[in-house]
Amino acid sequence: MTLSLYNTLTRKKEPFAPIEQSNVRMYVCGPTVYDFAHIGNARPAIVFDVLFRLLRHVYGPEHVTYVRNITDVDDKINARAAERYPGLAPEAGIRKLTEETAAQFHKDIAALGVLPPTHEPRATENIAQMVEIIVALLAKGHAYVAAGEVLFDTSSMADYGQLSKRNLDEQQAGARIEVEAHKKNPGDFVLWKLSEPHEPGWESPWGRGRPGWHIECSAMSARYLGQVFDIHGGGLDLIFPHHENEIAQSRCAHGTPVMANVWMHNGFLQVEGEKMSKSLGNFITINDLLATKMFGGSQWHGRVVRWAMLGSHYRQPIDWTVDRLVQARATLFELSFLRDAPVAGQPHPEVVAALSDDLNTPSAISIIHGLAKSAHRNGDAAAQLKSTLQFMGLYGNETQEELNPGFVARSVDTAAVEGLITARLAARKAKDFKESDRIRDALAAMGITLKDSKDPATGEIVTSWEVAR
RNA sequence: GGCCACGUGGCGGAGUGGUGACGCAGCGGACUGCAAAUCCGCGUACCCCAGUUCAAUUCUGGGCGUGGCCUCCA
């Protein structure tokens, strides 16, 4: 089976061929840790987690290296830390803020079934590597010092703009923002800038300062994956300027023809048909979905969020709606019959094939629906379905109560339910259907749905119950 | 102004140059004391206009609409 992936660099779907079969290398831009991660941040985390799982399946778990960084040096972080921890020294406040936010991020995406990457480097632990790259860029004439900054000289790179297909000469320079006078070209970007005493800073050949945004990814990817690696991923919005500038820095510093062979970008997300923004009041964090009833008046299990996210192809735009979550939850409810099934090991080949076609998760889910039909009657099929779902991170043996956290808050009195069921069975046996229906209605009012079935061996009626949808 | 996506039935959402994926909801039936679950079956779609073609939802051009980037926003 061939794995094919859509490459932003060529705007085509291409067969994937790793540089080394024994070490497939992927880098994905991680979060800037100054606030709760929003639902848009969850998309690349989930999408590239699926790719990580697929690569591990194809090449073997020990032959895949996945790096997702944490950006913990950033002016937004500085501002937020000063605001939240005015009593602390800047460095202490920043450390506290970034550690708390990173911990929350880990908690959030773990709930979404996202596996930890192989390495999760932090920008602040790679300053020396960044300085090295900047030194090399200066030495090779790709960078210059001006007004207390080190800047990348975009005119020094003949094929700058390949990824975003942008020709900087044709861009309207200064259309939206005034060109800063010290730049040689409007598109030049900061590699290093000097820090004021109250700002965080590191010593460098150019004085105490801090790195620009793009340089960290160049430094960390080279450190953990080498100067040329296989896959680089992130959100659509990162194509320009972030990834374009990463490419410029890395290639010019290392003298390589490419930085990564395949560039992948996930599509954007809207909320109920509108752009997500704080001003519209529809800004929604992962934590809001998991732990509050802000969205649709319900809490949502991480597995439900993941299912809803993978219902769309990763490059398509996705409209995040309550209805979408409701449907995802209903599907997972239906799959909860798998709780009793054993796990069979390998994921279903058709599902792997669908994922191998540029991560076609909607197609994979369609195949899963087909598998579910036979799984109802066939124990082997159930086991394979279960392992397939676990492979995709879509199943964790959750109970229906767990899948419906809002319901748990109302709390089910299991003993009372069991007692009523026993009473109903007795009434049924006595053909007192009026009483038996009364009990069932009473349970329904409590949010309990009953299912009668016959024990195949004895012919006895057995009643099970579940949380109503 | 430049660049880039997207527009499929009530909803979600794949895919394809030619017999209408799949799921949810809906409808009919089987099963059930009645239900639920399960099983069987059914319906409605490809933004608009041209062009290419024997044939276009699928290719080309134009239009309209939505979104993104061009400002360290996934």
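Naming: A, B, ... by sequence-line order, numbering from 1 per chain. FYI, side chains are in, hydrogens and waters are out, and symmetry mates aren't considered; it's all heavy atoms of this structure. Computed from a predicted model, the values in this text were never measured in an experiment.
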- Item | Pairwise P distance for rG41(B) and rA21(B), with rounding to whole Å | 15 Å
- Query: For RNA chain B, whose closest nucleotide is more 5', that of Gly273(A) or that of Met276(A)?
  - Reply: Gly273(A)
- Query: Within 45 degrees of the axis of the six-membered ring of Tyr144(A) and under 6.0 Å from its centre: does Lys184(A) put its NZ or CZ there?
  - Reply: yes
- Given the P atoms of rC54(B) and rU16(B), what is the spacing between them in whole Å? 24 Å
- Query: When you compare rC39(B) with rG23(B), how far apart are their P atoms, in angstrom units rounded to a whole number?
  - Reply: 10 Å
- Query: How far, in whole Å, is rG10(B) from rC6(B) if one measures between their P atoms?
  - Reply: 23 Å
- Is the His243(A)-His265(A) ring centre distance short of 6.0 angstrom? yes
- Message: Any heavy-atom pair between the side chains of Phe105(A) and Asn287(A) that's under 4.5 Å?
- Response: no
- Message: Assess whether a salt bridge exists between Glu199(A) and Arg210(A), defined as any Lys/Arg side-chain N lying under 4.0 Å from an Asp/Glu carboxylate O.
- Response: yes
- Item | For atom CG of Leu163(A) and atom P of rC3(B), their distance in whole Å | 16 Å
- Tell me: CH2 of Trp263(A) to C1' of rA74(B), nearest whole Å? 15 Å
- Rounded P spacing from rG9(B) to rG13(B) in Å: 11 Å
- Item | salt bridge (Lys or Arg N to Asp or Glu O under 4.0 Å) contacts touching residues 43-54 of chain A (sequence neighbours left out) | Asp49(A)-Arg53(A), Asp49(A)-Arg306(A)
- Note on the structure: To the nearest angstrom, the CG-C1' distance between Leu151(A) and rC72(B) comes to 14 Å
- Side-chain donor/acceptor contact of Asp323(A) with base of rG12(B) under 3.5 Å: no
- Task: Looking only at side-chain atoms of Asp237(A), point me to the closest of rC72(B), rC3(B), rC69(B).
- Result: rC69(B)
- Query: Can a donor-acceptor pair under 3.5 Å be found between the side-chain atoms of Ser436(A) and the base atoms of rG33(B)?
  - Reply: yes
- Query: Gly311(A) near the nucleic acid: base, sugar-phosphate alone, or nothing, with a heavy-atom cut-off under 4.0 Å?
  - Reply: sugar-phosphate
- Message: If the cut-off is 4.0 Å, is Arg324(A) near the phosphate of rG13(B), judged by side-chain N/O to OP1 or OP2?
- Response: yes
- What distance, rounded to whole Å, do you find between the two C1' atoms, one in rA14(B) and one in rC24(B)? 15 Å
- Query: Expressed in angstrom and rounded to an integer, what is the separation of Arg428(A) atom CZ from rA36(B) atom P?
  - Reply: 14 Å
- For rA37(B), take OP1 and OP2 only and decide whether either is under 4.0 Å from a side-chain N or O of Ser453(A). no
- Does a distance-only test, which skips hydrogens and angles, find a donor-acceptor pair under 3.5 Å between the side chain of Arg440(A) and the base of rA35(B)? yes
- Query: If the P atom of rG65(B) is compared with that of rU71(B), how far apart are they to the nearest Å?
  - Reply: 26 Å
- Item | Arg438(A)/Asp432(A) ion pair, N-O < 4.0 Å | no
- Heavy atoms under 4.0 Å, any strand shown: does Lys275(A) hit a base, just sugar-phosphate, or nothing? sugar-phosphate
- Query: Looking across every strand, which nucleic acid part, if any, lies under 4.0 Å from His214(A) by heavy atom: base, sugar-phosphate, or nothing?
  - Reply: nothing
- Message: Base, sugar-phosphate or nothing for Ile365(A)? Non-hydrogen atoms, less than 4.0 Å.
- Response: nothing
- In short, salt bridge (Lys or Arg N to Asp or Glu O under 4.0 Å) pairs touching residues 351-380 of chain A with sequence neighbours left out are Lys13(A)-Asp357(A), Arg315(A)-Asp358(A)
- Query: How close or far is atom P of rG12(B) from atom CG of Leu325(A), stated in whole angstroms?
  - Reply: 13 Å
- Task: Among rG15(B), rC4(B), rC70(B), find the nucleotide with the atom closest to the side chain of Asn360(A).
- Result: rG15(B)
- Query: Is it true that atom NZ of Lys165(A) has more than 12 heavy atoms of other residues, nucleotides or ligands lying nearer than 6.0 Å?
  - Reply: yes
- Identify, between Arg11(A) and Asp319(A), the residue whose nearest nucleotide on RNA chain B lies closer to the 5' end. Arg11(A)
What N/O pairs connect the protein and nucleotides 38-43 of chain B at under 3.5 Å? Give each pair on its own line.
none

- Note on the structure: To the nearest angstrom, the CD1-C1' distance between Ile286(A) and rA74(B) comes to 10 Å
- Query: Is there a donor and acceptor pair closer than 3.5 Å between the side chain of Gln327(A) and the base of rG12(B)?
  - Reply: no
- What interatomic distance, in whole Å, is found between P of rC48(B) and the corresponding atom of rG7(B)? 13 Å
- Query: Does a side-chain N-to-carboxylate-O contact under 4.0 Å join Lys451(A) and Glu466(A)?
  - Reply: yes
